[in-house]
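To start, the structure itself, in structure tokens.
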Amino acid sequence: MPLVTTGELVARAAAAHSAVPSFNIITLEHIEAVIAGAEAAQAAVVLQVSENAVKFRYGRLLPLARAAVAAAERATIPVALHLDHVQSDDLLRQAADAGFSSVMYDAARLPYERNLAATRAAADWAHAQGLWIEAELGQVGGKAGQPALDAHAPGARTDPDQARAFVADSGVDALAVAIGSTHAMTTRTATLDHTLLKRLSAALDVPLVLHGSSGVPDHELVAAVAGGISKVNIGTALNIAMTGAIRDFLAAHPEAVDSRKYLGVGREAMVRTVTGIIRTLT
């Protein structure tokens, strides 16, 4: 099946008051697991490549992106490709030629006026290339290299009035909002501010995105989608599943040396995680 666009999937989800599951990929096993899990759930999905994943791959975007495109084109469900948490303008400008239909430009670490100026420039460039663009206001926190800021600290949450002005002045197509989740959580204990989400949904006319969703319990995810979230980002949950399965396999088989054995177990654990999350969301 040909690649579809992230914007198309998110618009469709927003109209249906549902959310697009969007999974961060690091390895070929991640790519295969996300697509297999989405096929099992018979749902569209977004494959996301973060700037940190690109750094892990020796700073090269194309090898992982081309693998994702090749796998997506052989999928039986709609798949889109999204470049996530981009801070580098050089990386941003590689997106259009690498198969991506969308980018998340991340200047949320900057003071408001600098965030706005950088995001406006990124949005102008992205739209000229036909790319859908997401940004962040507030600080979800938990990303490597990001200042330590608790999800409940003053200034961490997204302000609805500021968000309305930011979206209007930046021209972005979607906004990631800080409502209590945190990136890289390994426990599902996050509590979301649903009252704030309701205010944000009423204030904005663009789709809202939830980052750090691996740490959000199922009932909170369901409530977030009902409250206006149209794109849900998941990354750490896959790594927890993969690492746990591999750890257990190697403990039971200390003689194992064939990487296909333990990578296969890790991949299947991610498939189950993907399918479970998608079924929760849909």
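All heavy atoms count here, side chains included; hydrogens, waters and symmetry mates do not.
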Are the side chains of I179 and L200 in touch, meaning some heavy atoms are under 4.5 Å apart?
yes
Would you mind reporting whether L175 and F166 have side-chain heavy atoms less than 4.5 Å apart?
yes
What are the two closest non-hydrogen atoms of [X] and [Y], and how far apart are they?
{"X": "T76", "Y": "Q42", "result": "OG1-NE2, 4.4 Å"}
{"X": "A178", "Y": "T158", "result": "N-OG1, 2.7 Å"}
{"X": "A237", "Y": "I277", "result": "CB-CD1, 4.2 Å"}
{"X": "A72", "Y": "I35", "result": "N-CD1, 3.7 Å"}
{"X": "L137", "Y": "A163", "result": "CD2-CA, 3.5 Å"}
{"X": "G266", "Y": "I246", "result": "CA-CG1, 4.1 Å"}

task = Apply side-chain contact (heavy atoms from CB on, under 4.5 Å) to V49 and L61, showing your working.
result = CA-CA 9 Å; V49 179; L61 175 62; 4.1 Å; yes
Looking only at the side chains, is there a donor atom on one of [X] and [Y] sitting less than 3.5 Å from an acceptor on the other?
{"X": "N239", "Y": "H30", "result": "yes"}
{"X": "D173", "Y": "H127", "result": "yes"}
{"X": "H82", "Y": "S102", "result": "yes"}

Hey, quick one: are [X] and [Y] part of the same hydrophobic cluster, counting side-chain heavy atoms closer than 4.5 Å, chains of contacts allowed?
{"X": "V206", "Y": "V10", "result": "no"}
{"X": "V45", "Y": "V103", "result": "yes"}
{"X": "L221", "Y": "V34", "result": "yes"}
{"X": "V54", "Y": "L238", "result": "yes"}
{"X": "I25", "Y": "I278", "result": "yes"}

Looking at Y112, I'd like to know if its OH atom is crowded, meaning that more than 12 non-hydrogen atoms belonging to other residues, nucleotides or ligands lie closer than 6.0 Å.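 Check passes, neighbour count above 12.
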### Query
Stepwise, does the side-chain contact (heavy atoms from CB on, under 4.5 Å) test hold for V46 with L9?
CA-CA 8 Å; V46 177; L9 295 183; 4.1 Å; yes
Next on the checklist: M104 vs E136, test: side-chain contact (heavy atoms from CB on, under 4.5 Å). Steps then yes/no.
Outcome noted: CA-CA 8 Å; M104 185 270 175; E136 181 179 313; 3.4 Å; yes
TODO: Start with the C-alpha distance between D161 and R164, add both sets of side-chain angles, then the distance that settles salt bridge (Lys or Arg N to Asp or Glu O under 4.0 Å), and finish with yes or no.
DONE: CA-CA 5 Å; D161 293 332; R164 185 189 298 111; 3.2 Å; yes
Can I31 and L64 be said to form a side-chain contact (heavy atoms from CB on, under 4.5 Å), step by step? CA-CA 9 Å; I31 295 169; L64 190 60; 3.8 Å; yes
Among pairs that include at least one residue of residues 244-282, which meet ring-ring contact (aromatic ring centres under 6.0 Å, His included), considering only residues two or more places apart or in two chains?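 Listed by first then second residue: F249-H253.
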For residues 225-234, tabulate all N or O donor-acceptor pairs below 3.5 Å that involve a side-chain atom, not counting sequence neighbours.
from : atom 1 : to   : atom 2 : distance (Å)
K231 : NZ     : Q48  : OE1    : 2.7
K231 : NZ     : E134 : OE1    : 3.0
K231 : NZ     : N233 : OD1    : 2.9
N233 : ND2    : H211 : NE2    : 3.3

Which pairs count as side chain to side chain donor-acceptor pair (under 3.5 Å) when at least one residue sits in residues 269-282, sequence neighbours excluded?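 Qualifying pairs: none.
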Exercise. What pairs meet the salt bridge (charged side-chain N to carboxylate O under 4.0 Å, His left out) rule with one or both residues in residues 113-128, with sequence neighbours excluded?
Worked result: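 Non-adjacent pairs meeting salt bridge (charged side-chain N to carboxylate O under 4.0 Å, His left out): R120-D124.
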Output a table of donor-acceptor pairs, distance under 3.5 Å, between side-chain atoms of residues 11-21 and any protein atom two or more places apart or on a different chain; print 'none' if there are none.
from : atom 1 : to  : atom 2 : distance (Å)
R12  : NH2    : E8  : OE2    : 2.8
S18  : OG     : A13 : O      : 3.4

Under 3.5 Å, side-chain donor or acceptor atoms of residues 93-101 against the rest of the protein: list the pairs with distances, not counting sequence neighbours.
from : atom 1 : to  : atom 2 : distance (Å)
R93  : NH1    : D89 : O      : 3.4
Q94  : NE2    : D90 : OD2    : 3.3
S101 : OG     : T6  : N      : 2.9
S101 : OG     : T6  : OG1    : 3.3

